[in-house]
Amino acid sequence: MKTTYDSEADALCVRLSDGKVEETEELRPGLMVDYDNEGRIVGFELLDARRSLPADALVSAAAA
């Protein structure tokens, strides 16, 4: 699992595997889930992350 945070875009990305993204679904505004060709979740992206997550979680993700 790899977590990154882009402070300029205020976007948190979590990759659960190295699988190729075949489809992305927006579950709600600002929350996208990436699926591989077998329908398994390979990652997700959260926009406007500062609004939804505690600051210490974003600092940890940015340092990773």
Which pairs of donor and acceptor atoms, one on a side chain in residues 13-22, lie under 3.5 Å apart (sequence neighbours left out)?
| unit_1 | atom_1 | unit_2 | atom_2 | d |
| --- | --- | --- | --- | --- |
| R15 | NE | S17 | O | 3.4 |
| R15 | NH2 | S17 | O | 3.1 |
| R15 | NH2 | G19 | O | 2.8 |
| S17 | OG | G19 | N | 3.2 |

Could you measure the distance from the OG1 atom of T4 to the CG atom of L12? Nearest 0.5 Å is fine.
7.0 Å

So OG1 of T3 and CZ of F44: to nearest 0.5 Å the spacing works out to 7.0 Å

Under 4.5 Å between side-chain heavy atoms, hopping through other hydrophobics if needed: is there a path connecting Y5 to L53?
yes

With salt bridge (Lys or Arg N to Asp or Glu O under 4.0 Å) as the rule and sequence neighbours excluded, what pairs involving residues 45-63 come up?
D10-R50, D48-R51

Where at least one partner belongs to residues 27-37, residue pairs that pass salt bridge (Lys or Arg N to Asp or Glu O under 4.0 Å), sequence neighbours excluded:
D36-R40

Please tell me if the side chains of T24 and V33 come closer than 4.5 Å, counting only heavy atoms from C-beta onward.
no

Same cluster for V42 and L27 if Ile/Leu/Val/Met/Phe/Trp/Tyr side chains link at under 4.5 Å?
no

Which residues satisfy the side chain to side chain donor-acceptor pair (under 3.5 Å) test with E25, sequence neighbours excluded?
Y35

